[in-house]
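Everything on this sheet refers to the single structure shown next.
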Amino acid sequence: MEEREKQVKREGLPALNNAEKGNVVLRFAPNPNGPLSFGHARGITINGEYAKEYDGELILRFDDTDTTVKPPLLEAYDTIQKEAEWLLGFKPHRVVIASDRMAEYYRHVEMMLDGEFGYVCQCSADDFREFRVGKTNCPCRDNNVNLNRDLWAKMLDGTFQPGDCVVRVKTDMTLKNPALRDWPALRIQDTISNPHPREEIGSKYRVWPLLDFQSAVEDFLQGVTHIIRGKDLMDSTRKQTLLYQHFGWKYPETMYWGRVKVHEWGGFSTSQMRKDIESGKFTGWADPRLPTIAGLSGTGIQAAALRNFWKELGVTQKDIAVPLATLYSHNIKVIDDDAPRISFIRNPVELTMVGFDEDEIKVPRHPNNQNLGVRKINLTSKTIFIERDDLEFSQLRLKEFGDFEINDNTATFVAKERTDKRRIVHWASKDSCSDAKLVAVSDGKLTSVEGKIEANDFTNGTPVQLERIGYGIISDSNIITYTHD
RNA sequence: GCUCGUAUAGUGUAGUGGCCCAUCAUAAAGGACUCUCAUUCCUUUGACCCGGGUUCAAAUCCCGGUACGAGCACCA
């Protein structure tokens with residue numbers, strides 16, 4: 001009998017269509033109305049992985065063209081760049097800010113008006129909805145070039161107010177898909193009351209492009225070859241393809257992913273988080289309860305774990321719900337080999353040692369990785385801490401130390417070697433530890449346990465493993481944040 | 001309502017006509033190792049939405065149904 005050949009799972013991400021190594025340009029385009037969240041990480045890591053794989057370029061583009069509904073946040077420009085770099089493991093090759101590119105967008109509007117595939121529409125949103133539903137042309141569609149140019153000038157000079165008119169792309173009002181019928185490309189915003197947060201932009205422009213137009217023009221100008229984004233933007237692709245046809249451009253290759261939910265988190269939107277932070281419900285964008293990149297990295301989730309997580313989910317269009325355990329398993333794989341072991345004693349009980357004379361012992365920092373060296377523990381005062389819960393047994397083995405007999409706050413030394421199968425517990429020496437707090441999130445709530453942390457000189461952000469508790473990260477000299485078990 | 005999209009073990013994912021009594025991971029259960037309730041290793045459990053059709057052959061193609069999701073914004 002011949003062995004049946006076992007099939008193998010494809011490694012990594014699926015191949016890009018029509019991609020030539022060294023000739024691939026991708027982009028990730030967030031609205032900087034808040035720092036990056038968990039969901040954004042998908043866009044960054046997937047596009048970034050493809051850029052790496054194909055020797056291509058990744059553009060980080062700030063789509064900051066709405067000053068009213070989802071206004072940008074000034075500090076987000078900076079934090080997003082830092083967070084993107086952290087996630088990617090490299091700097092984006094180009095950074096583009098839409099609000100710096102208004103002249104280009106205006107230039108293309110004029111091309112559109114002159115080419116008669118765009119028009120200024122003075123119908124109200126409600127009126128136009130009827131045309132859209134009824135598949136009938138709006139009267140403004142017949143404006144000639146001169147009229148459109150005149151109206152456009154009046155949009156720019158302030159004659160028209162927000163809501164008075166928009167620029168539309170001429171498609172076809174009888175198109176099957178209602179979303180595509182003469183879609184709006186630019187509108188007027190009241191940037192006096194709602195100035196753009198970037199000082200150099202402020203109230204400089206009143207007419208702003210909408211996503212479908214801005215993104216389409218910018219993708220062309222930047223030479224984007226592949227767009228990988230959420231499937232909620234599928235109709236956006238169709239709208240933009242129609243615009244590309246007018247301009248005579250070739251639309252990039254596209255790929256889409258579906259919605260991802262994490263079981264343990266409810267729905268978090270950037271705007272909602274922003275409100276909750278302002279109201280004091282959360283301490284800030286880095287609040288460990290929030291599914292932001294800052295929150296996740298603050299609780300000890302590593303960038304590589306996030307990358308592996310998103311790579312594993314791939315680019316399927318299914319809507320999925322993933323348990324946090326999946327992310328945690330990736331994180332353990334990333335950190336365990338190098339995470340120093342360290343004792344944290346919850347609810348510490350002070351014990352005096354009897355029968356042990358040495359003033360220092362050495363304990364390995366990691367059971368399997370000797371490169372991490374040893375920790376020297378000072379025992380001069382012969383005073384140690386163990387967890388109250390471990391007092392349940394009177395015969396205990398202090399891990400990597402010795403067997404002890406516990407009686408009334410006294411720990412009597414029995415032997416260095418193991419003499420029996422007594423319970424092994426972690427401990428800390430009074431001379432080599434300090435007061436600390438273990439902060440954790442459970443069921444969306446923040447909890448904090450006081451205790452003793454073994455002396456260490458790890459810098460903030462070092463992932464560690466708290467013996468018998470789980471993985472954590474050093475957040476401050478006396479604060480450890482729990483990551484997962 | 002119109003339009004678009006997706007459906008593989010508990011959760012994800014691979015597989016685009018025969019190597020598939022279906023891949024891998026995760027989860028759960030059991031076990032080995034271990035001076036941590038960690039890591040590592042082993043074993044077990046467990047899936048092609050339903051109904052037709054095409055074909056010698058269908059998870060894979062076609063049609064219908066069902067379920068879920070998205071778009072139809074002067075948000076991104």
Side-chain angles (χ1 to χ4, degrees), chain A residues 2 4-11 14 29-33 62-72 98 121 123-125 128-129 132-133 135 162-168 175-181 183-189 207-208 210-212 214-215 229-239 256 258-260 263 270-271 308-309 311-314 316-323 325-330 332-333 335-337 339 341 343 363-364 366-369 397-403 416-418 421-426 465-471 485:
Chain A
E2 276 183 47
R4 175 179 282 142
E5 250 182 75
K6 277 289 172 197
Q7 93 182 89
V8 283
K9 180 167 174 160
R10 189 202 68 227
E11 270 303 306
N31 176 356
N33 64 336
F62 291 103
D63 281 353
D64 57 345
T65 56
D66 177 74
T67 64
T68 322
V69 184
K70 292 178 180 170
C121 170
C123 302
S124 69
F128 193 84
R129 187 170 306 124
R132 179 168 49 233
V133 174
K135 300 186 181 183
D164 287 350
C165 53
V166 295
V167 177
R168 292 189 181 277
L175 248 23
K176 266 174 53 177
N177 188 341
L180 312 184
R181 298 172 195 157
W183 51 272
L186 297 98
R187 82 320 203 166
I188 303 169
Q189 298 192 93
V207 182
W208 286 83
L210 288 153
L211 168 89
D212 292 315
Q214 177 269 130
S215 176
R229 58 183 170 190
K231 68 172 181 181
D232 50 313
L233 263 14
M234 270 181 163
D235 279 347
S236 201
T237 293
R238 299 185 181 102
K239 290 189 216 175
Y256 307 94
R259 287 182 81 86
V260 174
H263 283 145
T270 301
S271 338
N308 295 339
F309 172 85
K311 262 198 285 190
E312 190 180 55
L313 296 196
T316 61
Q317 291 184 31
K318 267 201 277 189
D319 299 316
I320 55 176
V322 191
T326 305
L327 176 60
Y328 291 161
S329 77
H330 283 291
I332 290 171
K333 287 195 177 82
I335 62 177
D336 185 71
D337 284 349
R341 271 44 179 173
S343 282
V363 174
H366 193 292
N368 316 315
N369 182 354
R397 173 160 187 88
L398 303 191
K399 190 166 182 291
E400 305 281 2
F401 182 6
D403 285 1
K416 269 196 171 181
E417 297 308 316
R418 301 193 65 174
K421 288 283 184 189
R422 64 183 66 195
R423 171 188 282 231
I424 297 160
V425 302
H426 65 298
Q465 194 207 56
L466 306 173
E467 283 187 295
R468 296 176 67 226
I469 298 177
Y471 296 89
D485 54 19

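A, B, ... follow the sequence lines: proteins, then strands. Residue 1 opens every chain. Here the structure is a predicted model, which is why all the values come from computation and not from measurement.
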Without decimals, in angstroms, what is the distance between [X] [atom1] and [N] [atom2]?
{"X": "Gln465(A)", "N": "rU40(B)", "atom1": "CD", "atom2": "P", "answer": "11 Å"}
{"X": "Tyr328(A)", "N": "rU11(B)", "atom1": "OH", "atom2": "C1'", "answer": "16 Å"}
{"X": "Met234(A)", "N": "rU3(B)", "atom1": "CE", "atom2": "C1'", "answer": "12 Å"}
{"X": "Phe62(A)", "N": "rA76(B)", "atom1": "CZ", "atom2": "C1'", "answer": "14 Å"}

[atom1] atoms of [N] and [M], separation to the nearest Å:
{"N": "rG52(B)", "M": "rG71(B)", "atom1": "C1'", "value": "31 Å"}
{"N": "rC48(B)", "M": "rG5(B)", "atom1": "P", "value": "26 Å"}
{"N": "rC50(B)", "M": "rU11(B)", "atom1": "P", "value": "15 Å"}
{"N": "rC4(B)", "M": "rU45(B)", "atom1": "P", "value": "44 Å"}
{"N": "rG17(B)", "M": "rC2(B)", "atom1": "P", "value": "35 Å"}

Looking at [options], which one has an atom nearest to any side-chain atom of [X]?
{"X": "Arg238(A)", "options": "rU36(B), rC4(B), rG12(B)", "value": "rC4(B)"}
{"X": "Ala321(A)", "options": "rC35(B), rG12(B), rU39(B)", "value": "rG12(B)"}
{"X": "Lys176(A)", "options": "rC4(B), rU13(B), rU36(B)", "value": "rC4(B)"}
{"X": "Lys318(A)", "options": "rA38(B), rA14(B), rU6(B)", "value": "rU6(B)"}
{"X": "Arg341(A)", "options": "rG12(B), rC75(B), rA38(B)", "value": "rA38(B)"}
{"X": "Ala125(A)", "options": "rC74(B), rG12(B), rU36(B)", "value": "rC74(B)"}
{"X": "Lys9(A)", "options": "rU39(B), rU13(B), rA76(B)", "value": "rU13(B)"}

Mark yes or no for a side-chain to base donor-acceptor pair under 3.5 Å between [X] and [N], with no hydrogen or angle criteria applied.
{"X": "Lys399(A)", "N": "rC35(B)", "answer": "no"}
{"X": "Glu400(A)", "N": "rU36(B)", "answer": "no"}
{"X": "Arg397(A)", "N": "rC35(B)", "answer": "yes"}

So Thr65(A), base contact, sugar-phosphate only, or nothing? Heavy-atom distance under 4.0 Å.
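Touches sugar-phosphate only.
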
Counting any heavy atom closer than 4.0 Å, what does Gln317(A) reach on the DNA or RNA strands: base, sugar-phosphate only, or nothing?
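If one applies the 4.0 Å heavy-atom cut-off, Gln317(A) turns out to touch the sugar-phosphate alone, with no base involved.
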
Does the distance from a Lys or Arg side-chain N to an Asp or Glu carboxylate O, for Arg259(A) and Asp232(A), drop under 4.0 Å?
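Looking at Asp232(A) together with Arg259(A), the answer is no, because their closest N to O distance does not fall below 4.0 Å.
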
Run the salt-bridge test on Asp336(A) and Arg341(A) with the 4.0 Å N-O cut-off and return the result as yes or no.
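Salt bridge: yes.
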
Check side-chain hydrogen bond (donor to acceptor under 3.5 Å, both in side chains) between [X] and all other residues, then give those that pass, not counting sequence neighbours.
{"X": "Asn368(A)", "value": "none"}
{"X": "Asp403(A)", "value": "Arg397(A), Thr419(A)"}
{"X": "Asn31(A)", "value": "none"}

Distances under 3.5 Å only, N/O to N/O: pair up the protein atoms with those of nucleotides 68-72 of chain B.
| from | atom 1 | to | atom 2 | distance (Å) |
| --- | --- | --- | --- | --- |
| rG69(B) | O4' | Asp319(A) | OD2 | 3.2 |
| rG69(B) | O2' | Asp319(A) | OD2 | 2.8 |
| rG71(B) | O2' | Asp235(A) | OD2 | 3.0 |
| rC72(B) | O3' | Arg132(A) | NH2 | 3.4 |
| rC72(B) | O2' | Arg132(A) | NE | 3.1 |

Would you kindly compare Leu398(A) and Leu186(A) by the position of their nearest RNA chain B nucleotide and give the one closer to the 5′ end?
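Going by which nucleotide is closer to the 5' end, it is Leu398(A).
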
Listing time: all N or O pairs from protein to nucleotides 26-30 of chain B that are below 3.5 Å?
| from | atom 1 | to | atom 2 | distance (Å) |
| --- | --- | --- | --- | --- |
| rU26(B) | OP1 | Lys333(A) | NZ | 2.7 |

Which dot-bracket string describes RNA chain B (Watson-Crick N1-N3 plus N6-O4 or O6-N4, or G-U N1-O2 and O6-N3, all under 3.5 Å; [ ] crossing; | other strand)?
(((((((..(((.....[.....)))((((((.......))))))...(((((..]....))))))))))))....

